[in-house]
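The block underneath contains the structure these notes are about, expressed in structure tokens.
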2 protein chains.
Amino acid sequence: MRKGDTQEIRRLNRRAILAHLRRGPLTRADLSRLTGLAKSAVSRLVDELLQEGLLEEGAFTSPPVGRPGTLLHLRPGARFALGAELGVEETVLLALDWRGEVLWAKEWSHPREAGPRERLERLLQEILPHVPGPLGLGFTLPGVVVEDRLLLAPNLGWKNLDLRPLLSHFPLPTALENDAKASALSEVFFHGEANLAYLVLSTGLGIGVVSDSRILRGAGGAAGELGHWLGQGHKPCACGRVGCLETELGLGALLEHYRSLGGKAGALEALLQQAKQGEALALEAIHHLGEALGRFLANLAVAYDPARVVIGGKAAEFFPYLEQSLRQSLAAHAFLEAHRSLPVQPSLYGHLPRRWVGLASFW
Amino acid sequence: MRKGDTQEIRRLNRRAILAHLRRGPLTRADLSRLTGLAKSAVSRLVDELLQEGLLEEGAFTSPPVGRPGTLLHLRPGARFALGAELGVEETVLLALDWRGEVLWAKEWSHPREAGPRERLERLLQEILPHVPGPLGLGFTLPGVVVEDRLLLAPNLGWKNLDLRPLLSHFPLPTALENDAKASALSEVFFHGEANLAYLVLSTGLGIGVVSDSRILRGAGGAAGELGHWLGQGHKPCACGRVGCLETELGLGALLEHYRSLGGKAGALEALLQQAKQGEALALEAIHHLGEALGRFLANLAVAYDPARVVIGGKAAEFFPYLEQSLRQSLAAHAFLEAHRSLPVQPSLYGHLPRRWVGLASFW
DNA sequence: TTTACTTAGTCCCGAGAACGAACTAAAGGG
DNA sequence: CCCTTTAGTTCGTTCTCGGGACTAAGTAAA
């Protein structure tokens, strides 16, 4: 149970102020109204934040009547952190400032079968020139994570790894998180979404669920692993079982289906190009996936009832071609009226994951 | 955002103390250790609670060395509330004290097709003699509820009802909640479970999910409605769609399957009697359901990753006969090692629902 | 019996946070 | 020039907890 001592309150209120300012400049009076804090309390906290260089005063408002207010905004670059995505094929490292702007990014692939040790050592080399500076480094990977231990990452082929010894070599605070959960957390952090499901759909499928502004973890960190919900399929899954939804909805199945229709593509990228050129077989295969996804989203809606769904991972690039069949299928299969028009959108940031794990915890 | 003023802290700490005492008598020193509060703070709060008659001092501890402590416990009956379950077939009304003891209970059935107005008016008549006294009255029903409005209850045949006008006639605070969520909340309240899934399985199937000590609601209150996850079945569901899991896992399907095997039973109760007498067909039908449920629980585990699963509703009575096949099937289908031995237990309270909705909010 | 030690619980004061009222600041309108 | 309105500050009040000094009540050993 929380201690609730008075410092804790101050920290909470500081955070509340910063959270509001992350969505745009506001005056002290605005903040007082938004947070419910007394004007005096806001003044004190803002003074402190100005002093620390986290905030800046900017332009004045010009209300129809009354004294103009002073707009406050976050000082750009005052805080930033690193995010590292350990994907199946490559590693992406990026720096984000606290408004969610990408300061820089770097990406590299690695030898097949590279283990966690090699991959983290390479990463360590990459970040050393940037340290000190960042508040911390957040790692994401497609697997079940609990307290800096990796339980299982079928698509990486990793299992039961305690990463704490490796992480301790990094000369800055680190945080480890599942990729979908990290993505969902970023949406909360940068856009204040309170009920959201973030799909990371590439080879695998993972869901990051935010409910009531909190990430859903469950007891062992496996909540949201709907990619491993057992459907009725018969294909073997990387996890060793048979019929996981990810074998039907994953992009591997898309490629396979395309080929079974007679299409020729060595990789997903080629299939995407075909779709962009309007090739009928490619569009058919993608529509087929869209239908399955729409039905899946109807199920997702009864499981978590999000207010919005974001589709990330490689599938985001296919979204324009998926969209129509997906929405139709979702509307046709929805349980509640409200789910028919559930907002679904692709992740906005292209292939750059905007995953800033644990940033809040670095503050 | 929360105001975080100083009174709020006191309330939180009071609650923390009461929550600990709900699980057994403790000394002030114990409470200080458990809550992390200073001894002095505990003393002050306990004094206040004693003054209000919520607590009583009891026996002394006799430690091997040192001064004995004074055990504190909740004063029985000091607080109680009413819970009303609006089931498909009948209404149950009960009074629970804050330790979760059932003070009294009453149950009645109602004419087929009775609407919400009739059912609530009958209930109002029943509770009038007990008012004032209870802290409040919590309603539960098998449907999607959001802010005292009922969106959809397929098995009741109700839809889009704003119950606030009816509830306002009740001369005490009321709270409305989905039955599975209410059950799950009761587990949290009385046993302090932090990660739990509570299945209400009778005709329908609903899940109450508690993650990190908070109930999972989603944006529109429909989170956990896995009974309406679309599987591969072809049976029509009360919700108007086809293939919902509830058509496979609901007890209606059990009865049907039993009959298709050649068994004779007019109702579930008869089937249960057959099972108690060891009739082979009945046991076979139940095992079959157990297998399906085990597979479902493996899926539930990837969706929510609970630390414990409680099976309530009518299915609780079938649990002894379900248990073995359910556990085997769960172990066979589990995604993570940890899920293989996921604790599953029947609801402890027989047919009496221990649902004390909104009790916490009544304090 | 006395003393040392241990744990339980009380009392009181100080620190920190927010609140709210009174105040100053800076505009527009008549 | 004054009135009204809104922004923001200052200061005194109130409330909470924490922590140290203290008392209370037991066991163990000298």
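As the structure is a computational prediction, the values presented were derived from the model and not from experiment. We name chains A, B, ... by the order of the sequence lines, and we start the count at 1 in each one.
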In whole angstroms, the gap separating P of dA7(D) from CZ of F60(A) amounts to 14 Å
With side chain to side chain contact (heavy atoms under 4.5 Å, CB included) as the criterion, how do V42(A) and T35(A) come out once you've worked through the C-alpha distance, each side chain's angles and the decisive distance to 0.1 Å? CA-CA 9 Å; V42(A) 171; T35(A) 60; 4.3 Å; yes
One pair to check against side chain to side chain contact (heavy atoms under 4.5 Å, CB included): H73(A) and L55(A). What are the steps and the verdict? CA-CA 6 Å; H73(A) 58 85; L55(A) 296 188; over 6 Å; no
In whole angstroms, the gap separating C1' of dG9(C) from CG of L26(B) amounts to 15 Å
Rounded to whole Å, CZ of R14(B) lies from P of dC15(D) at a distance of 16 Å
Is it the case that dG20(C) (base atoms only) and S40(A) (side chain only) share a donor and an acceptor within less than 3.5 Å, ignoring hydrogens and angles?
yes
- Task: Could you check whether T70(B) gets within reach of a base, just the sugar-phosphate, or nothing at all, counting any heavy atom under 4.0 Å?
- Result: sugar-phosphate
| task | May I ask you to decide whether R75(A) forms a salt bridge with E57(A), counting only side-chain N to carboxylate O separations under 4.0 Å? | result | no
Going by distance alone, is a donor N or O of one side chain under 3.5 Å from an acceptor N or O of the other, for Y198(A) and S347(A)?
yes
**Prompt:** So, is R28(A) near the phosphate of dA7(D), with a side-chain N or O under 4.0 Å from OP1 or OP2?
**Reply:** no
Rounded to whole Å, the CG-P distance (L45(A) to dT10(D)) equals 15 Å
So which protein nitrogen or oxygen atoms get under 3.5 Å of nucleotides 4-7 of chain C's nitrogens or oxygens?
{"residue": "dT7(C)", "atom": "O2", "partner": "R67(B)", "partner atom": "N", "Å": "3.0"}

Ordered by number, residues from residues 47-56 of chain A within less than 4.0 Å of DNA chain C (heavy atoms) are none
Classify the ring geometry between Y304(A) and Y304(B) as parallel (under 30°), tilted (30 to 60°) or perpendicular (over 60°). perpendicular
**Prompt:** According to a strict under-4.0 Å criterion, is N13(B) in side-chain N/O contact with OP1 or OP2 of dC17(D)?
**Reply:** yes
Minimal heavy-atom distance between T61(A) and P68(A), with the atoms involved, is O-CB, 2.8 Å
Between R164(B) and E147(B), does at least one N-O distance fall below 4.0 Å, as a salt bridge requires? no
Heavy-atom closest pair (E193(A) atom, V188(A) atom, distance to 0.1 Å) is O-CG2, 3.5 Å
Atom CG of L12(A) and atom C1' of dG16(C) are separated, to the nearest Å, by 15 Å
To the nearest angstrom, the NZ-C1' distance between K39(B) and dG19(D) comes to 10 Å
Requested in this report: Can you label the angle between the F139(B) ring and the F170(B) ring as parallel, tilted or perpendicular, going by 30° and 60°?
Outcome: perpendicular
Winner on side-chain proximity to T27(B), out of dG9(C), dC19(C), dG18(D), is dG9(C)
Whole-Å distance, R10(A) CZ to dG18(D) C1', equals 18 Å
Margin query: dA18(C), OP1 or OP2 - any side-chain N/O from R44(A) closer than 4.0 Å?
Written below: yes
